[in-house]
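Worth knowing before you read on, the calculation uses all heavy atoms, side chains too, and leaves out hydrogens, waters and symmetry mates. We count ligands from 1, going down the list as the structure has it; atoms in each ligand are counted the same way.
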Amino acid sequence: MSFPQHRPRRLRTTPAMRRLTAENRLAPAELILPAFIREGLTEPNPIASMPGVVQHTTDTLKRAAAEAVELGVGGIMLFGIPAARDAEGTASLDPDGVLNKAIRDVRAEVGDDLVVMSDVCLDEFTDHGHCGVLDANGYVDNDATLDIYARMAVAQADAGAHVLGPSGMMDGQIGVIRDALEDAGHVNTAVIAYAAKYASAFYGPFREAVDSQLKGDRRTYQMDAANRREAIQEVELDLAEGADMVMVKPAMSYLDILADVADMSPVPVAAYQISGEYAMIEAAAANGWIDRRAAVTESVLGIRRAGANMVLTYWASELAGWLKES
Ligand code: PBG
């Protein structure tokens with residue numbers, strides 16, 4: 001036999017053949033749009049390191065949410081930037097605080113047509129920028145932080161969030177939040193656990209997006225990039241504490257972790273294509289070095305192929321528009 005009998009190229013001959021035999025395809029419904037709202041803005045404020053992404057006003061946030069519904073996007077993840085910060089992040093508990101108000105405003109706009117998710121974390125609300133409160137030595141105090149997370153969670157559920165996203169990587173956070181929600185009667189408010197969240201250099205642009213006050217890093221609470229096994233432990237703990245969905249974050253440099261988690265998780269798995277992943281593709285595309293639309297599509301498809309059921313991406317609405325066209 002001088003020629004191959006098996007010719008994988010047969011299935012690549014035409015666009016229709018490739019479409020028919022594709023193992024994975026993207027759909028708007030599995031995309032989640034992260035969105036920022038900043039207290040006191042009268043005009044949306046562009047984020048320089050994330051071209052195309054803004055800090056929203058109430059009006060533009062509602063419009064972005066309505067547009068996401070039109071495009072068939074699955075969900076929105078809200079982050080709030082308060083006007084005033086303190087050491088305990090107390091603005092996070094105010095029912096009329098920026099994030100809780102945004103949850104209410106977005107729910108009023110979209111009802112149940114879009115899954116409304118919100119960030120349960122203190123880093124946007126503290127004047128030191130850490131995801132929790134500090135002890136006398138400046139170390140992030142796990143259990144003191146849990147008390148605040150529990151109250152934040154109830155405030156966000158009261159405001160109408162369908163899903164809460166605790167992103168602070170405190171041990172036990174899913175359990176205390178679940179308990180607090182049950183005690184408050186919010187039995188149907190779901191929790192998406194940022195289960196395997198790594199300390200990443202690629203969060204850089206997000207720090208601009210939320211005007212972060214952080215000096216130093218989050219390495220005493222977020223995971224070490226060197227670790228793979230540990231991600232499974234984090235996911236198992238969150239499942240035992242009642243997580244309804246789990247997340248791996250970032251996505252691109254952690255696709256092995258995502259594949260591991262997708263293999264073992266009995267609940268839906270999300271991946272967060274973070275700010276630095278967005279910024280890199282936008283920057284290369286702006287220079288004409290890569291084809292923007294092709295690179296964006298390929299990057300999200302890669303995350304899906306690795307096993308994510310849902311993808312948080314700043315391109316959610318734009319990508320959903322492209323998927324509708326094609
Ligand atoms: C913390 C939080 C961060 C992101 C989401 N939630 C920042 C961090 O952990 O430093 C990053 C998201 C992104 O980079 O797109 N509340």
Side-chain angles (χ1 to χ4, degrees), residues 31-38 47-55 75-82 85 89 91-92 97-99 102 117-133 140 145 148-149 152-153 156 161 163-170 173-174 177 191-225 234 246-254 270-283 296 299-300 303 308 310-316:
L31 303 176
I32 299 164
L33 176 70
F36 306 103
I37 176 158
R38 179 168 189 159
I47 300 162
S49 53
M50 301 179 75
V53 180
V54 300
Q55 295 174 334
I76 191 166
M77 174 67 83
L78 301 175
F79 296 93
I81 304 128
R85 294 167 153 138
S92 65
V98 61
L99 182 53
M117 307 184 169
S118 51
D119 187 53
V120 182
C121 192
L122 283 176
D123 66 310
E124 292 93 355
F125 294 95
T126 53
D127 55 12
H128 45 72
H130 275 294
C131 294
V133 293
V140 174
T145 301
I148 305 178
Y149 283 179
M152 251 184 114
Q156 295 182 7
V163 180
L164 305 183
S167 66
M169 289 299 282
M170 296 302 124
Q173 63 185 10
I174 303 303
I177 287 171
V191 176
I192 183 167
Y194 284 65
K197 178 175 177 181
Y198 286 82
S200 172
F202 297 102
Y203 298 142
F206 180 93
R207 307 265 163 98
E208 183 199 344
V210 299
D211 188 23
S212 172
Q213 304 301 304
L214 183 69
K215 303 201 176 51
D217 59 51
R218 307 196 195 285
R219 291 181 184 278
T220 71
Y221 42 105
Q222 297 179 345
M223 291 173 64
D224 190 314
E234 286 282 5
V246 293
M247 191 200 296
V248 173
K249 178 185 178 182
M252 186 186 66
S253 299
Y254 298 85
Y272 197 143
Q273 182 179 50
I274 61 161
S275 57
E277 301 176 53
Y278 177 90
M280 286 191 292
I281 291 178
E282 288 292 343
V296 168
S299 68
V300 178
I303 294 166
M310 300 167 286
V311 183
L312 291 96
T313 172
Y314 298 96
W315 289 298

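The closest side-chain donor-acceptor pair between S299 and Q273 falls under 3.5 angstrom.
Checking side-chain atoms of E277 against main-chain N and O of I274 turns up a donor-acceptor pair under 3.5 Å. Judged by distance alone, the side chain of Y278 and the main-chain N or O of P51 form a donor-acceptor pair under 3.5 Å. Judged by distance alone, with hydrogens and angles left aside, the side-chain atoms of T126 form no donor-acceptor pair with the main-chain N or O of G89 at under 3.5 Å. Side chain of Y314 to backbone of V53: no donor-acceptor contact under 3.5 angstrom is found. The closest donor-acceptor contact from the side chain of E124 to the backbone of S92 lies at 3.5 Å or more, if one exists at all. In terms of modelled atom types and a separation under 3.5 Å, the side chain of S275 and the main chain of F206 share a donor-acceptor contact.
Under a 4.0 Å criterion applied to the non-hydrogen atoms of K249, ligand 1 contributes the atoms 2 (C), 3 (C), 4 (C), 5 (C), 6 (N), 11 (C), 12 (C). Close contacts between ligand 1 and C121 involve ligand atoms 16 (N) [criterion: under 4.0 Å to a heavy atom]. Within ligand 1, the atoms closer than 4.0 Å to a non-hydrogen atom of Y314 are 12 (C), 13 (C), 15 (O), numbered from 1 in the order shown. When each atom of ligand 1 is checked for a heavy atom of E124 under 4.0 Å away, the hits are 16 (N). Residue contact check: D123 has heavy atoms under 4.0 Å from atoms 1 (C), 16 (N) of ligand 1. Those atoms of ligand 1 that come under 4.0 Å of a heavy atom in K197, given as number and element, are 1 (C), 2 (C), 3 (C), 6 (N), 8 (C), 9 (O).
The nearest heavy-atom contact from the protein to atom 14 (O) of ligand 1 is S275 OG, 2.7 Å. When only non-hydrogen protein atoms are considered, atom 8 (C) of ligand 1 lies nearest to R218 NE, 3.4 Å. Of the protein's non-hydrogen atoms, the one nearest atom 12 (C) of ligand 1 is F206 CD1, 3.2 Å.
Contacts with ligand 1 closer than 4.0 Å are made by side-chain heavy atoms of Y272 only, the backbone lying farther away. Only the side chain of D119 comes within 4.0 Å of ligand 1, counting heavy atoms alone; its backbone N, CA, C and O stay farther away. Using a 4.0 Å cut-off between heavy atoms, Y278 makes no contact with ligand 1 at all.
Considering backbone and side-chain N/O of R207, one or more are found under 3.5 Å from N/O of ligand 1.
In this structure, K197 fails the cation-pi test against Y272, since its NZ or CZ atom is not both closer than 6.0 Å to the six-membered ring centre and inside 45 degrees of the ring normal.
Ligand 1 has Q222 within reach: a non-hydrogen atom of the residue lies less than 4.0 Å from it.
With contacts defined as side-chain heavy-atom distances shorter than 4.5 Å, the pair L214/D123 does not qualify.
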